[in-house]
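Here the structure is laid out as structure tokens; the discussion comes afterwards.
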Amino acid sequence: MTHIVLVLAIAFGLQLLLSTLQMKNFNKNYIEMRRKGKVAIGRKSGGFYAGAIVMFRIDNKGIIQEGRKIEGTTCFARVRSFPGYEGRNVAELTEADGPKHHRNLCKAIADAALTYRKFVNGETISDTPSPLRRAGSFLHRSVSK
């Protein structure tokens with residue numbers, strides 16, 4: 001029994017360490033892009049499929065200057081260059097502009113365009129809670145009654 005608990009504790013600690021390293025990589029890339037200008041971000045969680053986050057550095061007119069992405073199902077995914085969108089207006093991007101066979105990456109591109117359009121129009125940009133956060137909120141409401 002103690003062996004199982006020890007293995008689970010080690011696995012949890014390793015997951016925490018690798019996730020922290022992944023977030024540091026993302027933050028480093030985001031800060032690097034942000035120092036050069038505005039950044040439009042789109043994301044799509046993956047569940048059992050590869051999730052994706054795209055970052056487009058844009059000028060004051062919404063024209064993409066640089067793109068980066070992170071996609072994968074594990075904590076080993078790292079931010080990579082995402083060329084091919086330079087010179088395009090981020091507000092005009094759709095799912096069809098993404099690479100075929102990368103469904104969540106295409107949805108993240110469309111999310112970046114939607115987020116940018118909402119920002120330009122002064123709309124509220126909502127944050128969709130994760131399934132774990134929704135479950136926690138549900139449990140909190142159930143206990144509070």
Side-chain angles (χ1 to χ4, degrees), residues 5 7-145:
V5 172
V7 167
L8 289 174
I10 290 171
F12 181 77
L14 189 59
Q15 173 70 25
L16 183 64
L17 173 68
L18 293 172
S19 296
T20 301
L21 292 174
Q22 184 180 48
M23 287 304 301
K24 284 181 96 170
N25 177 258
F26 175 83
N27 287 335
K28 181 186 99 171
N29 279 274
Y30 171 73
I31 290 168
E32 185 180 304
M33 290 179 76
R34 187 65 183 100
R35 285 187 177 143
K36 297 177 184 175
K38 297 177 182 176
V39 178
I41 297 178
R43 59 192 169 94
K44 176 64 178 134
S45 63
F48 292 108
Y49 301 99
I53 301 173
V54 296
M55 297 183 285
F56 292 116
R57 183 172 53 87
I58 56 175
D59 64 12
N60 289 331
K61 296 178 183 178
I63 305 300
I64 297 171
Q65 306 298 310
E66 175 186 12
R68 296 186 191 178
K69 68 176 180 173
I70 181 171
E71 65 176 331
T73 54
T74 69
C75 52
F76 294 110
R78 294 289 178 253
V79 176
R80 306 219 186 287
S81 178
F82 192 36
Y85 294 91
E86 295 81 4
R88 297 183 63 184
N89 190 317
V90 70
E92 296 172 358
L93 295 177
T94 65
E95 281 187 45
D97 294 315
K100 293 179 179 27
H101 309 296
H102 292 268
R103 180 178 40 178
N104 286 340
L105 185 58
C106 293
K107 289 181 180 185
I109 291 168
D111 184 55
L114 176 65
T115 302
Y116 177 75
R117 287 192 303 267
K118 284 183 176 183
F119 173 77
V120 169
N121 293 330
E123 298 176 33
T124 303
I125 300 169
S126 62
D127 183 27
T128 307
S130 69
L132 186 61
R133 184 172 284 173
R134 287 193 304 259
S137 295
F138 175 76
L139 289 173
H140 180 68
R141 286 192 305 267
S142 298
V143 172
S144 298
K145 292 182 181 181

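Values reported hereafter were calculated over all heavy atoms of this structure, with side chains retained and with hydrogens, waters and symmetry mates removed.
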Quiz item: Can Glu66 and Lys36 be said to form a side-chain contact (heavy atoms from CB on, under 4.5 Å), step by step?
Solution: CA-CA 10 Å; Glu66 175 186 12; Lys36 297 177 184 175; 4.1 Å; yes
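- Tyr116 contributes atom OH, which lies 10.0 Å from atom CD of Glu92 (distance to the nearest 0.5 angstrom).
- Asn89 CG to Ile63 CD1: the interatomic distance, rounded to the nearest 0.5 Å, is 4.5 Å.
- Taking CG from Asp59 and NZ from Lys38, the interatomic distance works out to 8.5 Å, rounded to the nearest 0.5 Å.
- The local environment of CZ in Phe26 is crowded, with over 12 non-hydrogen atoms from other residues, nucleotides or ligands closer than 6.0 Å.
- Side chain of Glu86 to backbone of Gly84: a donor-acceptor contact under 3.5 angstrom is found.
- Here the NZ atom belonging to Lys24 is positioned 8.5 Å from the OG1 atom belonging to Thr20, to the nearest 0.5 angstrom.
- Note: Arg80 CZ to Asn29 CG = 10.5 Å, rounded to the nearest 0.5 Å.
- Residue Ala112 comes nearest to Val54 through the heavy atom pair CB-CG2, 4.0 Å, listed as atom of the first residue, atom of the second, then distance.
- When each of Gln22, Met55, Lys69 is tested with Val79 by the rule side-chain contact (heavy atoms from CB on, under 4.5 Å), just one qualifies, namely Met55.
- Other residues, nucleotides and ligands contribute only 12 or fewer heavy atoms inside 6.0 Å of the CG atom of Asn60.
- Closest of all the heavy-atom pairs between Glu71 and Ala77 is O-CB, 3.5 Å.
- Interatomic distance, Thr115 OG1 to Arg43 CZ, rounded to the nearest 0.5 Å: 8.0 Å.
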Side-chain donor-acceptor contacts of residues 93-101 below 3.5 Å, not counting sequence neighbours, with atom names and distances?
residue : atom : partner : partner atom : Å
Thr94   : OG1  : Ala96   : N            : 3.3
Thr94   : OG1  : Asp97   : OD2          : 3.4
Asp97   : OD1  : Arg88   : NH2          : 3.0
Asp97   : OD2  : Arg88   : NH2          : 3.3
Asp97   : OD2  : Thr94   : N            : 2.8

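- Remark: the backbone N or O of Lys107 is not paired with any side-chain donor or acceptor of Asp111 at under 3.5 angstrom.
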Self-check item: Verdict with reasoning, Arg78 to Leu21, per side-chain contact (heavy atoms from CB on, under 4.5 Å)
Solution: CA-CA 9 Å; Arg78 294 289 178 253; Leu21 292 174; 3.9 Å; yes
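- Between Phe82 and Ile109 there is a side-chain heavy-atom pair separated by less than 4.5 Å.
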